[in-house]
Protein chains: 2
Amino acid sequence: MATIHDVARAAGVSISTVSYALSGKRSIADSTRRRVADAAVSLGYQPHAGARMLAGTRTQIFALTAPLRHDTYAPAHMAFVLAVATAARRHDYDILLLTEDEATKGLSRVASSRLVDGVIVLDVSVRDERIALVQNLGVPTVVIGIPDDPAGLACVDLDFEAATRLAIDGLADRGHRRMALLGHPDEIYERGSNFPIRVRDTFLSHTADLGLPGRFSTSETDSGAVRAALDALLAGDERPTALIMHCQESVQATVLDHLRDRKISVPEDMSIISVGSTFDTTKFSPALDVIPLIPAATCDAAVDILVASLPDPPDPRVQYVAPEYRANGSVAPVPAP
Amino acid sequence: MATIHDVARAAGVSISTVSYALSGKRSIADSTRRRVADAAVSLGYQPHAGARMLAGTRTQIFALTAPLRHDTYAPAHMAFVLAVATAARRHDYDILLLTEDEATKGLSRVASSRLVDGVIVLDVSVRDERIALVQNLGVPTVVIGIPDDPAGLACVDLDFEAATRLAIDGLADRGHRRMALLGHPDEIYERGSNFPIRVRDTFLSHTADLGLPGRFSTSETDSGAVRAALDALLAGDERPTALIMHCQESVQATVLDHLRDRKISVPEDMSIISVGSTFDTTKFSPALDVIPLIPAATCDAAVDILVASLPDPPDPRVQYVAPEYRANGSVAPVPAP
DNA sequence: TCGAACTGTCGAAGCGCTTCGACAGCCAGC
DNA sequence: GCTGGCTGTCGAAGCGCTTCGACAGTTCGA
């Protein structure tokens with residue numbers, strides 16, 4: 001493995017010149033810079049990570065804490081982990097994965113051993129022990145999701161409130177008055193999971209603000225429960241003409257199956273919007289209008305904030321990512337009575 | 001942040017004594033060791049990761065390359081990533097996550113910057129560019145899964161062949177002669193995905209060895225396709241009396257739905273064994289007999305091999321994890337004609 | 001024309017740790 | 001009582017890098 005000394009010798013300069021030529025932190029003659037660069041490439045020089053951490057001030061590593069609970073929806077979770085890693089690489093950062101049982105101990109460990117320059121906290125629930133920890137740890141941190149008390153923290157998340165209003169307004173514009181929201185299992189809300197609650201609350205308040213009746217139901221994820229929840233939501237004379245779904249992929253698929261079985265056609269009899277989905281709703285038949293939760297959008301913003309503030313913690317803030325409506329034909333004007 | 005000097009001063013010894021007392025690499029008087037340990041704790045001392053990497057020979061970090069393809073089954077994938085991280089922590093190792101588009105470039109980078117002591121390669125497909133790379137890179141590596149050409153590599157995987165035979169033999173012992181295997185989507189086999197192919201081939205060869213008819217079908221994952229595939233598998237006079245499933249959770253759930261719809265009861269009319277599943281088959285109704293793929297078992301073995309061999313690459317080998325049969329009541333003796 | 005201000009390069013210090021060799025003090029065996 | 005071998009501790013070197021201050025050599029304004 002080539003060291004900086006090897007490069008210096010090959011280029012006929014001192015090691016400090018190599019360092020400056022490669023980092024650009026001092027002006028170096030173009031001819032020298034080129035010689036150094038050539039030598040580095042031809043020797044396959046890679047700076048020793050440990051030496052860099054020791055001498056320099058950066059480690060080029062972020063810690064990512066991504067708890068995996070049994071009720072975590074793995075595909076979405078995975079997409080976020082991946083999006084964070086990809087965003088980090090764009091800034092020349094690697095990702096160190098902290099597991100759940102290591103969440104707090106691991107955070108303290110990597111922070112105080114100065115293994116990482118910063119921390120990215122994923123999938124925050126309303127009460128999250130990691131939040132209190134990073135608030136005290138002093139290590140630069142960015143949170144993806146909005147904790148109950150974001151005091152002192154930089155947080156990034158899709159603007160679920162705006163997304164929900166966008167869905168409702170879009171439906172209202174098409175003449176829909178009776179809307180329903182199908183959500184996650186009860187447990188999710190009870191645990192204080194963040195955005196499902198925000199969607200539910202916004203749905204109820206914004207429909208009320210518009211003077212519209214809004215029906216909401218939770219649902220377990222197995223197909224029987226989904227069908228029952230849907231039937232309940234659609235029961236009675238005043239059947240909703242529009243459905244907003246904020247639930248996982250298999251549940252949305254089951255809903256479409258069940259509507260088909262009940263001969264309720266989309267969008268003729270029922271308009272549907274999928275909110276905050278991380279998967280591709282055009283694979284469904286029919287394809288669904290969606291206000292997606294785009295992991296890359298959120299994670300890019302989060303990493304940008306963190307990188308920009310280094311070596312200091314980012315300024316406290318709650319940064320919302322604007323929602324984006326994607327029409328795929330599952331919304332139609334309300335049918336004539 | 002306390003350094004080793006602070007600890008040395010607090011304990012009234014030299015820094016080398018602190019180092020030896022903490023690492024145990026030389027004999028230190030018990031009283032001294034205790035004083036050092038106390039000082040370290042009360043100062044909250046954590047060795048500087050960079051300094052350790054530079055001076056020592058270990059970084060206490062493994063790279064994990066875990067590609068995420070669109071057809072990857074995220075929950076299983078996630079479980080493996082988690083199991084690797086957990087196993088690594090037991091040996092005081094952290095996990096650096098390498099993403100797919102970084103697979104080869106990232107591997108070279110972290111290896112030649114000596115950021116990691118070893119590499120764990122997850123989810124190997126038969127032709128995998130990462131394999132050739134780690135074969136040449138010289139960095140200690142362990143592969144989870146069996147590549148086409150494992151030359152020079154240490155590989156760990158569930159013994160899918162033995163698992164498949166175990167399922168067949170168990171059914172044969174109960175008098176079953178007509179068995180069917182429901183597998184993954186075609187694409188998986190075409191891509192050369194490793195273990196689905198091993199299960200399929202073993203199923204076909206072992207049933208043949210026993211002189212039994214073995215029916216095999218692939219299936220897409222959507223419920224319509226699953227039902228069609230199952231109908232095809234069960235068609236004809238000589239309907240199979242037993243079904244082995246080697247497919248993802250939702251497909252297995254659909255199979256049970258469909259059997260129920262067709263009034264085929266389990267296990268009275270049809271015995272079922274789930275092979276190589278990473279999820280809990282007792283949540284189904286009925287609960288299914290299973291020969292599980294236990295991420296922790298495989299990953300523990302993999303990490304053990306890697307840690308044991310450090311700082312050298314592990315001896316080349318293919319280590320199979322023995323399958324384990326879990327009876328949950330979905331297998332019965334073949335019904336009287 | 002002279003000093004001030006740059007520009008490009010270098011040497012050396014030092015980041016915090018591990019580890020090697022040295023050595024004082026001790027005990028056991030002759 | 002002396003030697004040889006332990007045991008417990010220390011000082012110092014050095015890992016590979018960044019960065020500070022120094023300093024020739026050059027340019028430019030007064």
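What you see below is based on every heavy atom in this structure, not just the backbone, and it leaves out hydrogens, waters and symmetry mates. Chain identifiers are assigned alphabetically (A, B, ...) following the order of the sequence lines, protein sequences preceding nucleic acid strands; residue numbering begins at 1 within each chain. Given the structure is predicted, the values throughout are model-derived calculations rather than measurements.
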Revision key, fill the gap. A/Asp30 CG to C/dT7 P, in whole Å, measures 14 Å

Study note, to complete from the structure: Taking C/dG11, D/dT18, D/dG16 as options, the one with an atom nearest any side-chain atom of A/Ile15 is D/dT18

Point to revise | Which nucleotide in D/dC10, D/dC17, D/dG8 has an atom nearest any side-chain atom of B/Ser27 | key: D/dG8

Review point. Once you round it to whole Å, what is the distance between C1' of C/dG14 and NE2 of B/His48?
Key: 13 Å

Check your understanding: Which residue lies toward the 5' end of DNA chain D, B/Thr17 or A/Ala55, if each is placed at its nearest nucleotide?
Key -> B/Thr17

Practice item. Decide yes or no, distance alone: a donor-acceptor N/O pair under 3.5 angstrom between the base of C/dT9 and the side-chain of A/Arg26. Key: yes

Exercise for review: Return the value, rounded to whole Å, for the distance between atom CG of B/Leu54 and atom C1' of C/dT18.
Suggested key: 10 Å

Exercise for review: Can you tell me the distance, in whole Å, between the CZ atom of A/Arg114 and the C1' atom of C/dC17?
Suggested key: 12 Å

Point to revise | Between A/Ser19 and A/Ser16: side-chain donor-acceptor atoms closer than 3.5 Å | key: no

Exercise for review: Using atom CD1 of B/Ile28 as one end and atom C1' of C/dT19 as the other, report the distance to the nearest whole Å.
Suggested key: 13 Å

Review point. Base, sugar-phosphate, or nothing for A/Ser23, non-hydrogen atoms under 4.0 angstrom?
Key: nothing

Practice item. For the residue pair B/Asp157 and B/Tyr320, confirm or rule out a side-chain donor-acceptor distance under 3.5 Å. Key: no

Review point. Roughly, in whole Å, what's the span from CD1 in A/Ile4 to P in C/dC15?
Key: 18 Å

Review point. Quick one: B/Leu22 CG to D/dT9 P, roughly how many Å, whole number?
Key: 14 Å

Point to revise | hbond_proxy B/Thr3 side chain to C/dG16 base (donor-acceptor, 3.5 Å cutoff) | key: no

Study note, to complete from the structure: Out of D/dT19, C/dG8, D/dC17, minimum distance to the side chain of A/Thr57 belongs to D/dT19

Check your understanding: Of the candidate nucleotides D/dT9, C/dT19, D/dC20, which contains the atom at the shortest distance from the side chain of B/Lys25?
Key -> C/dT19

Study note, to complete from the structure: Side-chain contact check for A/Ser19: nearest option of C/dT18, D/dG16, D/dT19 is D/dT19

Review point. Roughly how many Å is it from NE2 in A/His5 to P in D/dC15, rounded to a whole number?
Key: 8 Å

Check your understanding: Looking only at N and O atoms, is any donor in the side chain of B/Ser16 or the base of D/dG11 less than 3.5 Å from an acceptor on the other one?
Key -> yes

Point to revise | Below 4.0 Å: OP1/OP2 of C/dC20 and any side-chain N or O of B/Tyr20 | key: no

Check your understanding: Should the pair A/Arg9-A/Asp6 be classified as a salt bridge under the 4.0 Å nitrogen-to-oxygen rule?
Key -> yes

Point to revise | Nucleotide of D/dC17, C/dG16, C/dC17 approaching B/Tyr45 most closely (side-chain heavy atoms) | key: C/dC17

Point to revise | Non-hydrogen side-chain atoms of B/Met53 and B/Leu115 separated by less than 4.5 Å | key: yes

**Study point:** A/Val134 and its side-chain contact (heavy atoms from CB on, under 4.5 Å) partner, picked from A/Leu153, A/Thr65, A/Thr104, A/Val142
**Key:** A/Leu153

